[in-house]
Amino acid sequence: MTAVPAPQSDSVPELSVVIPTRGDSHCLELTLRALGRQTLPAHRFEVIVVRDGTDDVDYSGVAIAAKDLNLRLIELPEQGGRSVARNTGVQHATADVVVFLDADSYAEPQLLERHASHHAVPDSAPVLIGRRDELNLEDVEAVVAGAGTVPTARHVVGGGDIRFWKSSPEPGEWLQIGWMFAYTHNVSVHRSLVLAVGGFDQRFGRRWGVEDLELFYRIDQHLGTDRINFAYDDQAAVYHLPHYRNEGANVADLTENMALILSTHPHVDWEFVGWWNGFVVVERILEYRRVLADCVARSACRVGPVHERLAPSLPGTKVLWVGTGSADVALGEGALTFDYGAPRTDTNRHLLGTTPPAAPGELDAVVSVDFWRYLPWSELCQFVSSGCVSAGTVYLVSTMEELSARINPSDSTIDYLVRALSTRFDTVVESIEGLPFVLRLGFRDAESGPR
């Protein structure tokens with residue numbers, strides 16, 4: 001694969017556009033042509049295309065498509081995956097700001113000028129997220145003809161930005177979780193930040209999905225979540241060209257990638273990513289961040305007093321304790337904790353427990369001290385089910401302490417809770433001195449299982 005680069009300028013470019021490609025030269029050619037028609041002069045940006053391993057796809061048209069661009073084409077000898085390809089592009093970039101596009105990101109003419117203008121403003125958000133509208137096959141004719149704007153319907157089925165399916169979002173609280181929307185089909189960031197956090201995680205390998213969100217999560221953590229590190233520009237727009245997707249394989253890849261992420265970032269921030277609409281996830285993350293902060297601020301959900309009274313009746317010491325103050329008591333060999341007031345470690349995670357925290361049958365029990373009262377019903381059901389998978393037995397303990405939780409148990413609430421869960425679980429309300437309410441749960445039989 002060869003190309004003739006555009007005449008070079010003596011000045012350093014303002015933007016480095018990094019594009020990975022594999023088997024999609026039909027999209028890449030159109031994307032490069034669109035970059036050749038930008039309102040930002042060609043000498044102000046460079047384009048770095050990284051071919052992720054060789055294949056039988058014809059790339060001979062790429063050089064012609066990029067004839068007006070300052071283009072570098074890099075061929076990797078073997079397929080390494082999107083993370084490897086993008087990291088390679090970043091390593092070769094010379095500009096202070098990197099714009100990540102996909103090979104199928106057909107750009108409107110003002111795209112790069114808007115990215116450059118944003119980062120030229122002092123103290124602007126370090127990351128700019130752009131819009132991406134979906135195209136259908138009937139829209140391709142306009143793209144092939146070189147249309148700057150494609151007349152596709154926005155915010156409807158089959159068109160629009162699928163991340164913002166109702167309307168274009170206004171700046172607001174959602175940008176605190178901006179990494180949730182920072183897909184590499186159209187996002188820009190300072191190159192130094194990508195390098196500072198170690199680039200894309202190459203452990204994702206060739207699998208599809210969320211490796212870009214994980215990078216920008218680390219960038220957000222690196223910068224500090226006490227500020228808003230993301231901005232969104234609805235006018236910095238690209239169109240997603242139609243290409244073949246194996247959705248079944250994508251779902252399988254995403255499942256594996258989420259398991260990797262939850263082992264790397266054992267935090268509630270990630271428990272709902274990938275499966276629901278982005279704004280639903282953001283609402284949950286923001287709510288649970290408030291919940292965890294409230295629990296810690298109140299010194300609520302204390303494990304110590306409950307451990308003293310309940311531990312003698314537990315089947316072993318390999319117990320997951322959900323609450324706070326776990327450092328104040330010796331929990332026994334093999335214990336795990338979800339202690340939101342203590343730093344995250346291999347044995348202490350900041351999860352809710354809606355996905356199993358251990359392999360099936362690995363634990364002796366799961367005990368939630370008051371924290372279960374903060375959970376909405378759907379998450380409470382997931383917590384109980386996943387706990388029963390990991391341990392066989394789950395204990396919901398209430399000290400009856402008044403919390404800003406959803407549930408401050410009354411006799412009628414407790415009665416309904418027990419009856420509702422008894423449709424799937426063996427439910428036993430235990431009488432333990434000093435503990436007002438202890439509900440022991442286990443799957444009724446093998447067939448009832450986690451459904």
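Note that the numbering runs from 1 along the sequence shown for the chain. Computed over heavy atoms, backbone and side chain alike; hydrogens, waters and symmetry mates excluded. Model, not experiment: these values are computed from the prediction.
Judged as a side chain to side chain contact (heavy atoms under 4.5 Å, CB included), and not counting sequence neighbours, the contacts of Ala182 are Ile129, Val187, Phe216, Phe230. Asp269 meets the salt bridge (charged side-chain N to carboxylate O under 4.0 Å, His left out) test with Arg289; sequence neighbours excluded. For His190, the ring pair (Phe, Tyr, Trp, His ring centres under 6.0 Å) partners at least two apart in sequence or on another chain are His119. With sequence neighbours excluded, the residues that form a side chain to side chain contact (heavy atoms under 4.5 Å, CB included) with Ala236 are Leu111, Arg114, His115, Asp233. Shown here are the side chain to side chain contact (heavy atoms under 4.5 Å, CB included) partners of Glu256, two or more places apart in sequence or in another chain: Arg207. Applying the salt bridge (charged side-chain N to carboxylate O under 4.0 Å, His left out) rule to Arg440 yields the partners Glu430; only residues at least two apart in sequence or on another chain are considered. Residues satisfying the side chain to side chain contact (heavy atoms under 4.5 Å, CB included) test with Asn246, not counting sequence neighbours, are Tyr244, Ala249. Residues passing the ring pair (Phe, Tyr, Trp, His ring centres under 6.0 Å) test with His243, sequence neighbours excluded: His240.
Under the 4.5 Å side-chain criterion, counting only non-hydrogen atoms from C-beta, Val291 is in contact with Phe371. Proximity of Val50 to Leu73: side-chain heavy atoms (C-beta onward) are nowhere separated by under 4.5 Å. Counting heavy atoms from C-beta on, the side chains of Phe437 and Ile414 come closer than 4.5 Å. Contact check for Ser368 versus Val397: no side-chain heavy atoms found under the 4.5 Å cut-off. Using a 4.5 Å heavy-atom threshold, the side chains of Val281 and Ile177 count as separate. Between Val238 and Tyr106, every side-chain heavy-atom pair lies at or beyond the 4.5 Å cut-off. Using a 4.5 Å heavy-atom threshold, the side chains of Val17 and Leu112 count as touching. The closest side-chain heavy-atom distance from Val97 to Glu14 is not below 4.5 Å.
Rounded to the nearest 0.5 angstrom, Arg82 CZ and Asp52 CG are separated by 8.5 Å. Atoms CG and CG, from Leu336 and Asn348 in turn, are 9.0 Å apart once rounded to the nearest 0.5 Å. The line from SG of Cys295 to CG of Leu403 is 7.5 Å long, rounded to the nearest 0.5 Å. Here the SG atom belonging to Cys388 is positioned 9.5 Å from the CZ atom belonging to Phe383, to the nearest 0.5 angstrom. Atom CG of Asn186 and atom CG of Leu101 lie 6.0 Å apart (nearest 0.5 Å). Rounding to the nearest 0.5 Å gives a distance of 7.5 Å between OG of Ser105 and CG of Leu241.
Formation of a donor-acceptor pair under 3.5 Å by the Ser16 side chain with backbone atoms of Val98 is not found in this model. Counting only distance, with no hydrogens or angles, the side chain of Asp339 and the backbone of Ser326 share a donor-acceptor pair below 3.5 Å. Checked by atom type and distance alone, the side chain of Thr427 never pairs as donor or acceptor with a backbone atom of Leu441 at under 3.5 Å. When atom types are taken as modelled, the side chain of Glu379 and the backbone of Thr354 share no donor-acceptor pair closer than 3.5 angstrom. Proximity of a side-chain donor or acceptor of Ser390 to a complementary backbone N or O of Gly387 within less than 3.5 Å is not detected. At least one donor-acceptor pair under 3.5 Å links the side chain of His350 to the backbone N or O of Ala342. Checking side-chain atoms of Thr423 against main-chain N and O of Ala420 turns up a donor-acceptor pair under 3.5 Å.
A salt bridge links Glu46 to Arg72: one of the charged nitrogens lies within less than 4.0 Å of a carboxylate oxygen. A salt bridge does not link Asp370 to Arg302: none of the charged nitrogens lies less than 4.0 Å from a carboxylate oxygen. The pair Glu287-Arg284 does not count as a salt bridge, with every side-chain nitrogen at least 4.0 angstrom from each carboxylate oxygen.
Listed by first then second residue, pairs satisfying side-chain hydrogen bond (donor to acceptor under 3.5 Å, both in side chains) with a partner in residues 220-231 read Asp220-Asn229, Arg227-Asn229, not counting sequence neighbours. Applying the salt bridge (charged side-chain N to carboxylate O under 4.0 Å, His left out) test to residues at least two apart or on different chains, the pairs with a partner in residues 85-108 are Arg86-Asp102, Arg86-Glu211, Glu108-Arg131.
Side chain to side chain, Asp24 and Thr21 meet the donor-acceptor criterion of an N or O pair below 3.5 Å. Neither side chain, Thr54 nor Glu75, offers a donor N or O lying under 3.5 Å from an acceptor on the other.
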Side-chain polar contacts of residues 193-206 - donor-acceptor pairs under 3.5 angstrom, sequence neighbours left out - could you list them?
from: Asp201; atom 1: OD1; to: Arg203; atom 2: N; distance (Å): 2.9
from: Asp201; atom 1: OD1; to: Arg203; atom 2: NE; distance (Å): 3.1
from: Asp201; atom 1: OD2; to: Arg203; atom 2: NE; distance (Å): 3.1
from: Asp201; atom 1: OD2; to: Arg203; atom 2: NH2; distance (Å): 2.8
from: Gln202; atom 1: OE1; to: Asn87; atom 2: ND2; distance (Å): 3.0
from: Arg203; atom 1: NH2; to: Thr264; atom 2: OG1; distance (Å): 2.9
from: Arg206; atom 1: NE; to: Gln79; atom 2: O; distance (Å): 3.3

List the atom pairs, donor and acceptor, that lie under 3.5 Å between side-chain atoms in residues 313-325 and the rest of the protein, sequence neighbours left out.
from: Ser313; atom 1: OG; to: Leu310; atom 2: O; distance (Å): 2.8
from: Thr317; atom 1: OG1; to: Glu333; atom 2: O; distance (Å): 2.7
from: Lys318; atom 1: NZ; to: Glu362; atom 2: O; distance (Å): 3.2
from: Thr324; atom 1: OG1; to: Ala300; atom 2: O; distance (Å): 2.5

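For Ala231 against His118, the heavy-atom pair with the smallest separation is CB-CE1, 3.6 Å. Residues Val99 and Ser188 come closest through the heavy atom pair CG2-CB, 3.8 Å. When every heavy atom of Gly23 is checked against every heavy atom of His26, the shortest pair comes out as O-CE1, 4.1 Å. Across every non-hydrogen atom of Pro376 and Tyr288, the tightest pair is CD-OH, 2.9 Å. When all heavy atoms are compared, the tightest approach of Val394 to Val384 is CG2-O, 3.7 Å. What you find for Ala95 and Arg191 is that their closest heavy atoms are O-CD, 3.6 Å.
Note that Arg163 lies outside the cation-pi zone of Phe181, set by a 6.0 Å cut-off to the ring centre and a 45° limit from the axis. A cation-pi contact links Arg51 to Tyr59, judged by a cut-off of 6.0 Å to the six-membered ring centre and 45° from its axis.
Between Trp270 and Trp179, the two ring planes are tilted [angle within 30° to 60°]. Classified by interplanar angle (parallel below 30°, tilted 30° to 60°, perpendicular above 60°), the ring pair Tyr217/His265 is perpendicular.
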Would you check, one step at a time, whether the test ring pair (Phe, Tyr, Trp, His ring centres under 6.0 Å) holds for Tyr340 with Tyr374? CA-CA 13 Å; Tyr340 314 106; Tyr374 283 101; 9.0 Å; no
In sequence, state the C-alpha distance, the side-chain angles, and the governing distance for Asp294 and Arg298, and then conclude on salt bridge (charged side-chain N to carboxylate O under 4.0 Å, His left out). CA-CA 6 Å; Asp294 180 74; Arg298 290 171 178 265; 2.9 Å; yes
